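Okay, so here's the structure we're looking at.
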Amino acid sequence: MTRRDNILLNIDWFTVFLWVALVVFGWMNIYSANIMKGDGTVMDFSQRYGKQFIWLLVSIILILIIFLLDAKFFPFFAYLLYGITIVTLLAVLVFGKEINGAKSWFVIGGFQFQPSEFAKLFTALALARLLSSYGFVLKNFKSLVLAGSIILAPALLIMVQPDLGSMMVYFAFIFVLYREGFPQNLMVLGSILIILFVITLLVEKIYILPVIWIIALIVIKLFKVPLKSVLYIFAAGILPAGILVFFMQSGQQVMGYESVILISIAASLLFALIIAIRLRNNNLYKIIAGMVISILFVISVDYAINNTLKEHQKQRIYVTLGIEDDPQGVGYNVNQSKIAIGSGGFSGKGFLNGTQTKLQFVPEQSTDFIFCTVGEEWGFIGASAVVILFVLMIVRLVILSERQRSDFSRIYGYGFISVLIVHFTVNVGMTIGLFPVIGIPLPFFSYGGSSLLAFTLFLFIFLKLDSNRKELLR
Amino acid sequence: MKYFDNRKYVFIAIAIIIGLVFITKLFLLQVVERSYKVSAENNSQRHVVTYPSRGLIYDRNGELLVSNQAAYDVMVSPVNVSEFDTTEFCSLLGIGRDNFLERLNRAKNYSWRINSVFMKQVEFKIAAVLHEKMYKFPGFTLQSRPLRTYPRPIASHVLGYIGEVNEKNIQSDDYYSAGDYIGVIGIEKSYEEVLRGEKGLKVYLKDVHNRIIGPYEEGKYDMPVKVGRDIAISLDAEIQEYAETLMQPFIGSVVAIEPSSGEILTMVSAPTVNPNLLIGRNLGSTIKKLSADTLNPLFNRAVMAQYPPGSTFKTINALVGLQEGVITTETSYYCDYGFYYRGIHVGCHNHETPLDLIGGIQNSCNTYFCNVFRRIMENPGYENTEESFNHWRDHVTSFGFGEKLGLDFASELKGNIPTASYYDRYYSKGHWNFLTILSMAIGQGELLITPIQMANMTATIANRGYYITPHLIKKIDGQDHIDEEFVRRNFTTIDSSNFVPVVDGMDLAVNGGPGSTARIARIRDITVCGKTGTAENPHGEDHSIFIAFAPKDDPKIALAVYVENEGFGGTWAAPIASLVIEKYLTGEVKRTWLENYVRNGNTNDEETEE
Ligand SMILES: [Zn+2]
């Protein structure tokens, strides 16, 4: 059981190599994005590449510290660290500085620190601790609520900032639950809720609710419920709607259209419930439950958007999702980014040879849009290489996670994999114009100390756990 | 417990599919698609931002108040700077080589690639020469900037000024980038989005020698520039200038409103500033200098100064008394040089006695209004003083006091109408009565009202019961622009009929016999209604106040005049108001003696003080 002396041998050097490759290549691109040929030194700490260099050194120190700690440290302190994270996220809402419309930064001295970057890591730790605890079964209701709360608490606090991009990353943890045996049905419900969330932002809810109802009717039919029953359920909804609308047309403004729709749907559901009881149809119960949850979800999201957010915060969310056109801002950046990447051609213009002026309209050039510097200077070859590095890292981490003997380590590993997939997909996707612009950084690559440190810690805690895997016998 | 290990393949599949999709898209973007592909000569684009000209500002009669003149910033993008004749460049700009390097380094520290300001607002002559020689100085460009100019040096507090955007502006609005200009205060600020227009962008293709060879992608990514829209504001330049001249010897404010529309005709805050000083690269130092001035010329007294309204407020107490039914027009009181009650004494001047309501306003009798106030506060219809007070307060605030009026003009202040809970805190609940707050009977005490609120009150009296929120905007782009907010009649809680005796009292205050307090404001053939006031000033001499509107039966102008530290309202404020009315209604001033009296105001005053 004592293999501590072999720790160096037990480290997965292939993943470390991938990390080094990404971090070094990332730094080179930050350097290139901020400097002209042959001028300035690496040690110019007033420039971004200088600052990022310091963060790199700090990362290495942190890695050493992680490897000096006992592996038991992480599961043991998971909840405590998570608690501190929640307190920090609350504190940033009060004491934080608003930058680019979101209150998500602490400014201490000359340094800016973004707690939401670290929150993902500690959420993954806490989730791993919970899911691996003795006797925990994902299927029962109480466990699901617990797991859901651990994920949602930081997500909601980040939404309030509002930093919708970082908030959406928390949906990634659904993948973790999936791996750990999250019921297929709930997975479907989860996906529906994500789709509904986006649709609610796009469309008025008086249009969404009837559509949900009609889709539910179709699904009911697909599950082999007799056509006659489906028609009854349909009529139970249409009749009250017709009567109420008739009254309203004749000038009696009893209620709004929204209430009419809700009353009709409720009547229809009640009828469906009666039929479900008579037919003893389990699927019908599930569909009714799913529909009730969907409708409540739409109403509460709609309420949250309209009543709790300020005008400029709403604006920011709409622009983020590409609902509202912002020709000077977001949409324009993507166009510029595509032009930059496209101009790189097959082999690129070479390191530091990016065409000088064209990027002056991409303000997030070294943060969220760093990938377009890669595309321009290193061409298709360089850009594909980065994509391959990320894919390799994800696949390698899946293999590593699966070889863990401890549930905690495996679940934590999947936490990292899920977050990494979402960040990589969304960031590169937006840069090349496949996704709407959601401002989240490219892991290990983008400029920014918080992001680099958080992702490095995230990865190396896993590598530490992995290097200790043999100490735990089954 | 690897019950679900086959789900690991889903993860691997997702990663590989995403990787393939991305690589395919990159291949399309970088290798296949011709439009993004850039030829081997390393062509690239140059972005040229076109700045729209800022909208002009006219007065109500179409007279130009604010226009633009050309000004140029020299911009630099350090990455494009290569060997050139710095001696010629430096001598053109009139700077030394050290200064040149310092400026270039500053630009480099800001950004290598992004254009930043090398030298601000070079003179037009130099810019013209530079323009022709610019090709010799790679990396440098000329950027035109809006620079305002004011044909008439008036109304600087209303117009405001433009200045360079600060970090906060840039962060809160994506439209702005460093070096842009924005309305900082006044009309320039409140109508910024109308006036500024929209920046345009042209994308050009350039060759290795940095020469433009044509539009990029046939101008697909160009954005047209939209020029700023012109606006007309409700000020009357003639009257504004005249009122500013009259206020020259004084500190204070004149605000005139057209009662029927709520349009602000004149808004003076003295001392004034010449708006032509608030432009160009010396803006910063001018602001600094003016801020240090003890008379605080940048402070817009018309909307920010809060004074007690003095005796002008007797009109409001009269209206409340009538509305609450505690007095009638016939209610009369004896006045023996003041009001005496349980050891409290409020003095009054010599006048005929007894007086009814109209006489009370005409003579501004303190005794009369202390009695009216007592009746209001001891209203037998209500349970206690507090309830009476709350009714009084509701009436008073319906005139727009104690809250911002909601002008289309930044930096307005609220003034103050105290609440019952304020007195509860000071004297504890149930331990205060009309006597405690008696000073408000004659418009003193805790009451604070801004000149614009006072002018609005006068317009309300002129309209016999309602006001339209005062505003400055008249037209946008030649079209009548009337925001819903600026046409709605805001009715007070006072019935229209109750205004009749109050207006009659204000008529007699100007046009009545001996004892009338504002006879100096009288104008031949025009019935001016007015009321004098004196605001107690704990820090020095009292302030002189006069409110007036005219003509009595079809009011065209309502105004409030404040003159600081000049004592009784009849002395200076009334003649100033009267002259402004005469000028506005007849187009000329025949009473040159009165004009001279006002213009020499300061010297007269100094003599009396000595
Ligand atoms: Zn008297």
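Numbers restart at 1 for each chain; the letters A, B, ... are given by sequence-line order, proteins then strands. What you are looking at is a predicted structure, and each value in this text was computed from that prediction instead of being measured.
- Distance check, rounded to the nearest 0.5 Å: CZ of F11(B) to CG of L397(A) gives 12.0 Å.
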- Message: Working note: F22(B) + T431(A), criterion side chain to side chain contact (heavy atoms under 4.5 Å, CB included); need CA distance, chi angles, decisive distance, verdict.
- Response: CA-CA 11 Å; F22(B) 282 177; T431(A) 315; over 6 Å; no

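- Closest approach of K8(B) to Y414(A), counting heavy atoms only: CB-OH, 3.3 Å.
- How far OG1 of T425(A) is from CD1 of I17(B): 11.5 Å, rounded to the nearest 0.5 Å.
- Neither the backbone nor the side chain of L420(A) comes within contact range of chain B; no heavy atoms are under 4.5 Å apart.
- Looking at every heavy atom in both residues, L26(B) comes nearest to S384(A) through CD1-N, 4.1 Å.
- Shown here for Q30(B) and A383(A), the closest heavy-atom pair between the two residues is OE1-CB, 4.0 Å.
- K25(B) touches chain A through its side chain: at least one heavy atom from C-beta onward sits under 4.5 Å away, while N, CA, C and O do not.
- Here L20(B) contributes atom CG and I388(A) contributes atom CD1; the two are 9.0 Å apart, rounded to the nearest 0.5 Å.
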- Query: Can I14(B) and I394(A) be said to form a side chain to side chain contact (heavy atoms under 4.5 Å, CB included), step by step?
  - Reply: CA-CA 10 Å; I14(B) 288 177; I394(A) 292 164; over 6 Å; no

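- When the shell of 6.0 Å around CZ of F408(A) is examined, it contains more than 12 heavy atoms from other residues, nucleotides or ligands.
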- side chain to side chain contact (heavy atoms under 4.5 Å, CB included) assessment of I18(B) paired with F424(A): CA-CA 9 Å; I18(B) 289 170; F424(A) 163 67; 3.8 Å; yes

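- Listed options V428(A), V395(A), I421(A) were ranked by heavy-atom pairs under 4.5 angstrom with chain B; first place goes to V428(A).
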